[in-house]
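Right, one structure below, let's go through it.
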Amino acid sequence: MIDVVPRVGAAVAALGRSEPVVLTDTATDVAALVLSAGTTEPSTVAFLVRHTSGFLCAAMPPQVPDRLRIPVSPARDLHFPDFEFGISVDAVGTGTGISASARAATLRRLADPAAAAEDFTRPGHVITVRVRAAHALPVSLPSGAVELVRAAGDEPVAAYGHLVGERDPTGLATTREAEGFARRERPATVSIAELGHRGRSGPGCRLACGG
């Protein structure tokens, strides 16, 4: 029997059911709502928009934006060497691209292995994020989100948005606020630290042998 950290297994299973997951990072005291991009629906994207900053990102291994010819953005986060931002995109045919249905269509197309560069307009309303070390130990919310989606058996493209604070809605939610949100809204919750746990099957086991 594989030793699986319960919260990791629950988060992977929830993503497999196309449900949102709360991913927390105690090192930076922030949290995000995560979806598997390939199975997003307007209702789940609307849930993310309602409870996050609305600044929705799609994290993915670098070969995906390379194939789609999505260039790197000049923006940088020097605190996290495992990811960098790419240019924002909209899927062709989604109108203004800002609605929940439009962004759900864009996210699904980003996760489609058959998608081509011509399927997107630039700039758009979904921020692309290139996770440099998609197979390494997750150290940030984007890399952790990609690994969770990969473990769920989906194309490794993760949609996410940072949770907004409750006491101060002009700022981001703390991990404590995120845990409270999860108790009320009932999504599965997991932390970056838990994703780094190793099960009993040896050092090659990622996500507590969940993927």
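Throughout, residue positions are numbered sequentially from 1 according to the sequence presented.
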Q. Would Leu23 and Tyr160 count as a side-chain contact (heavy atoms from CB on, under 4.5 Å) if you check the C-alpha gap in whole Å, the side-chain angles of each, and the deciding distance to 0.1 Å?
A. CA-CA 9 Å; Leu23 178 61; Tyr160 73 92; over 6 Å; no
Once rounded to the nearest 0.5 Å, what's the spacing between atom [atom1] of [X] and atom [atom2] of [Y]?
{"X": "Leu35", "Y": "Ser18", "atom1": "CG", "atom2": "OG", "result": "8.5 Å"}
{"X": "Arg183", "Y": "Thr189", "atom1": "CZ", "atom2": "OG1", "result": "9.0 Å"}
{"X": "Phe85", "Y": "Ile127", "atom1": "CZ", "atom2": "CD1", "result": "8.0 Å"}
{"X": "Arg122", "Y": "Arg69", "atom1": "CZ", "atom2": "CZ", "result": "7.5 Å"}
{"X": "Leu107", "Y": "His125", "atom1": "CG", "atom2": "NE2", "result": "13.0 Å"}
{"X": "Thr40", "Y": "Arg103", "atom1": "OG1", "atom2": "CZ", "result": "11.5 Å"}

Ignoring hydrogens, what is the shortest heavy-atom contact between [X] and [Y]? Give both atom names and the distance.
{"X": "Val157", "Y": "Leu110", "result": "CG2-O, 4.0 Å"}
{"X": "Ser191", "Y": "Glu194", "result": "N-OE1, 2.8 Å"}
{"X": "Val34", "Y": "Ala145", "result": "CG1-CB, 3.8 Å"}
{"X": "Gly161", "Y": "Leu56", "result": "CA-CD2, 4.1 Å"}
{"X": "Pro156", "Y": "Val149", "result": "CA-CG1, 4.2 Å"}
{"X": "Arg130", "Y": "Pro62", "result": "NH2-O, 3.9 Å"}

Q | Residues Glu41, Thr44; criterion side-chain hydrogen bond (donor to acceptor under 3.5 Å, both in side chains); working and verdict | A | CA-CA 5 Å; Glu41 295 293 340; Thr44 51; over 6 Å; no
Any side-chain heavy-atom pair from [X] and [Y] closer than 4.5 angstrom?
{"X": "Val129", "Y": "Cys57", "result": "yes"}
{"X": "Arg150", "Y": "Pro61", "result": "yes"}
{"X": "Phe83", "Y": "Val146", "result": "no"}

Q.
side-chain contact (heavy atoms from CB on, under 4.5 Å) for Leu141 and His162? Distances and angles first, verdict last.
A. CA-CA 9 Å; Leu141 290 175; His162 284 81; 3.6 Å; yes
Q: For side-chain contact (heavy atoms from CB on, under 4.5 Å), just list the numbers for Ile192 and Thr26, CA-CA rounded to whole Å, side-chain angles, deciding distance to a tenth of an Å, and then say yes or no.
A: CA-CA 8 Å; Ile192 292 292; Thr26 55; over 6 Å; no
Look at the side chain of [X] and the backbone N and O of [Y], then say whether any donor-acceptor pair between them is shorter than 3.5 Å.
{"X": "Arg109", "Y": "Asp90", "value": "no"}
{"X": "Thr106", "Y": "Ala91", "value": "yes"}
{"X": "Glu155", "Y": "Pro113", "value": "no"}
{"X": "Thr175", "Y": "Asp25", "value": "no"}

Q) If Ile, Leu, Val, Met, Phe, Trp and Tyr residues are connected whenever their side-chain heavy atoms lie under 4.5 Å apart, and connections chain through other members, are Ile87 and Val126 in the same group? A) yes
Q | Val49 reachable from Leu163 in the ILVMFWY side-chain graph, under 4.5 Å edges | A | yes
Q.
If the threshold is 4.0 Å, N to carboxylate O, is there a salt bridge linking Glu166 and Arg176?
A. no
Q: May I have the step-by-step check of side-chain contact (heavy atoms from CB on, under 4.5 Å) for Leu33 and Val21, ending in yes or no?
A: CA-CA 6 Å; Leu33 276 173; Val21 166; over 6 Å; no
